[in-house]
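Model, not experiment: these values are computed from the prediction. Start at 1 and go down the list; that is how both ligands and their atoms are numbered.
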Amino acid sequence: MGLMYRSTRGGESNVPASMAIIKGLACDGGLFVPHKIPKMNKSLEDLSGLTYKELAYEVMSLFFTDFTKDELTYCIEHAYDKKFDTDAIAPLVKKGDAYYLELFHGATIAFKDMALSILPYLMKVSAKKQQIDNDIVILTATSGDTGKAALAGFADVEGIKIIVFYPKDGVSPIQKHQMVTQKGDNTYVVGIEGNFDDAQNGVKEIFSNEALAETMNRQGYQFSSANSINIGRLIPQVVYYFYAYCNMLKHGDITKGETINMVVPTGNFGNILAAYYAKNMGLPIHQLICASNDNKVLYDFMQTGVYNKKRDFILTISPSMDILISSNLERLLYNLADGDHQKIRELMTALSQEGEYIISDAMRSGLDDFYGEYASMDETYDAIKDVFHTTHYLMDSHTAVGHAVYKKYKTETKDSHKTVIVSTASPYKFTRSVMKAIDKRHDQETDFDLIHKMHELTGVPIPKAIQEILDAEVRHTRICDKNKMQETVKDILGLN
Ligand SMILES: *Cc1c(COP(=O)(O)O)cnc(C)c1O
């Protein structure tokens, strides 16, 4: 029998991958996890000769065992194609004392593309396997990044429509322009008069409206979510950790069996959890270095064993890491507790009712795989400036948190293992913060002007994804009140 999935909270088990992908979240509110993390069944030397797509097949086929070879290959071929501006898909660049794993060569020049390029195809195939005839409607609220990455991934995928709600005045001008110029007849982008929380609450209400679900079903539709807790987003992220290691092995940067560190700029704990899965599959990783910004819930958790979300939410220059509830941590807790779902349910209840939980010493000992640190905004600006001046490598403000944390780690531990810093966004995605770090003269200019200024100053090529949107036509002008989101969805789908 193939690999099955169960809920971290015990309410479901023996769920095939395709079902877990369609459902997103388990019925009991838990997250789907594999019954057992599979071991890599090929040698890393053998894997070193593979392309990204071939390696993606080797890793994902171990997790999605109910997909046929043709089905999985179809998904991979459509995901990692010309949307990426390099055949390497995830290039590894050595600069100074670190290797940068660049996960920003996809459609929206940030790391969410790695998973959101493939999720739509995994969903389409899963729906077919589960004999779902309805069209799937993906509903997403976004504070900027996820919305565009989901739109780009789902655009023109047959049998799926995607509706994205964003706070009309709550995203950056570039983020907004990226979304409203989105092509694809199945894409719908709606600005709401309200903030991100309003958008998110509106989406949650629509999801839990049973009468609406019935109407939808009658007319051949059902909702699904592209949320980062979907197992169909987590597993594709395991691939690039193998890819980075194999790349170093192939080029003689490391020898067989040598362990390396991975530094991961972290928010929702999805990316670093994928690295933890890779380690459990047998990838020789020494330390998983969890880099946080000023919202340092995870750092505190790793120091003390107490997860406490009762604190001020700090707006930083690494907004995609501004998170107080790291949803994917629940999957790690499940492993630390040896699959004790009763325990997980207790912890999650404590988190939602008291805003905190504490883990046992036994669970804490499993945290040895991780090293948690954080970087302040000043340290982040300094990292961008220093790395640019010493190596001419330009980091974005999320990757820079990783670098600043790596520096602290080295000072504290004197560890000399080779280290990969996961680079989660192109500097062109966070132009204002990056320019502020390297050249303070440009305060008055628009975000669009700064793109050209940054290019002049650094010589770093402007990515295709940015060039394309600069003169793309606006296709989405719909605006709605925060209380009218449900009507808007009905209107878009032609429901009555
Ligand atoms: C989402 C995101 C992160 C955080 O990743 P998690 O999987 O949520 O920990 C870091 N950097 C960028 C640029 C992101 O978009």
Side-chain angles (χ1 to χ4, degrees), residues 31 90 100-117 119 140 142-153 171-172 174-175 178 196 226-241 262-278 288-299 301-302 316-332 370 372-375 380 383-384 394-405 421-434 463 465:
L31 275 54
Y100 295 85
L101 177 61
E102 297 187 347
L103 304 181
F104 54 76
H105 289 273
T108 75
I109 58 174
F111 112 90
K112 304 229 171 22
D113 289 330
M114 300 305 294
L116 281 166
S117 304
L119 181 68
T140 303
T142 185
S143 55
D145 275 355
T146 307
K148 175 62 187 183
L151 284 163
V171 301
S172 83
I174 292 179
Q175 285 175 325
Q178 275 189 312
F196 172 62
N227 201 298
S228 87
I229 45 88
N230 194 312
I231 194 80
R233 278 186 64 177
L234 179 66
I235 302 307
Q237 296 176 358
V238 177
V239 176
Y240 45 74
Y241 291 102
M262 296 287 181
V263 183
V264 188
T266 297
N268 214 8
F269 209 75
N271 204 355
I272 195 165
L273 184 76
Y276 175 78
Y277 273 37
L288 295 161
I289 301 172
C290 177
S292 300
N293 63 22
D294 284 313
N295 295 294
K296 57 185 184 58
V297 200
L298 289 166
Y299 164 75
F301 172 65
M302 287 175 187
T316 74
I317 54 168
S318 41
S320 305
M321 297 160 62
D322 289 345
I323 284 177
L324 293 181
I325 299 184
S326 301
S327 319
N328 266 300
L329 189 65
E330 182 170 341
R331 287 192 167 108
L332 175 67
F370 294 87
E373 236 326 329
Y374 73 102
T380 308
I384 296 174
L394 193 61
M395 298 184 293
D396 95 288
S397 45
H398 299 74
T399 310
V401 170
H403 189 279
V405 161
I421 297 175
V422 176
S423 306
T424 51
S426 157
Y428 281 99
K429 188 136 199 173
F430 298 95
T431 324
R432 187 163 296 280
S433 308
V434 175

| Atoms of ligand 1, numbered as shown, that sit under 4.0 Å from any heavy atom of Pro265 | 4 (C), 10 (C)

| note | Within 4.0 Å of some non-hydrogen atom of Gly270, the atoms of ligand 1 are 6 (P), 7 (O), 9 (O)

| message | So if I count the atoms of ligand 1 from 1 in the order they appear, which ones are less than 4.0 Å from some heavy atom of Met321? | response | 10 (C)

| said: With a heavy-atom distance limit of 4.0 Å, tell me whether Phe111 approaches ligand 1 through its side chain, its backbone, both, or neither. | reply: side chain

| field | Leu332 side chain near Leu273 side chain, heavy-atom distance below 4.5 Å | value | yes

| field | Spacing of CD belonging to Glu373 relative to NZ belonging to Lys296, to within rounding of 0.5 Å | value | 9.5 Å

| request: Sort out for me which residue in Tyr374, Tyr299, Phe301, Phe269 forms a side-chain contact (heavy atoms from CB on, under 4.5 Å) with Cys290. | output: Phe269

| query | Can you list the atoms of ligand 1 that are under 4.0 Å from a heavy atom of Phe269? | reply | 6 (P), 8 (O), 9 (O)

| query | How far is atom 11 (N) of ligand 1 from its nearest protein heavy atom, and which residue and atom is that? | reply | Thr424 OG1, 2.9 Å

| message | Under 4.0 Å from a heavy atom of Asn271: which atoms of ligand 1 are those, numbered in the order shown and with their elements? | response | 7 (O)

| field | Thr266 neighbourhood, listing ligand 1 atoms whose heavy-atom distance to it stays under 4.0 Å | value | 9 (O)

| request: Decide whether an N or O pair under 3.5 Å exists between Asn268 and ligand 1. | output: yes

| query | CD of Glu330 to CD1 of Ile325: how many Å apart, nearest 0.5 Å? | reply | 11.0 Å

| Any idea how Phe430 and His398 line up, ring-wise: parallel (<30°), tilted (30 to 60°), or perpendicular (>60°)? | tilted

| message | Can you tell me how far apart CG (Asp294) and OG (Ser318) are? Round to the nearest 0.5 Å. | response | 8.0 Å

| query | Just by distance, do the side chain of Arg331 and the backbone of Ile229 share a donor-acceptor pair under 3.5 Å? | reply | yes

| In terms of residue, atom name and distance, what is the protein heavy atom nearest to atom 1 (C) of ligand 1? | Lys112 NZ, 1.4 Å

| field | Spacing of Met114 atom CE and Thr424 atom OG1 [to the nearest 0.5 Å] | value | 12.0 Å

| Which bit of Ala110 is near ligand 1, meaning a heavy atom under 4.0 Å away: side chain, backbone, both or neither? | neither

| said: Could you measure the distance from the CG atom of Asp322 to the CG atom of Asn293? Nearest 0.5 Å is fine. | reply: 5.0 Å

| message | Give the atom numbers and elements of ligand 1 that come within less than 4.0 Å of a heavy atom of Ala425. | response | 13 (C)

| field | Distance-only N or O hit between ligand 1 and Gly267, under 3.5 Å | value | yes

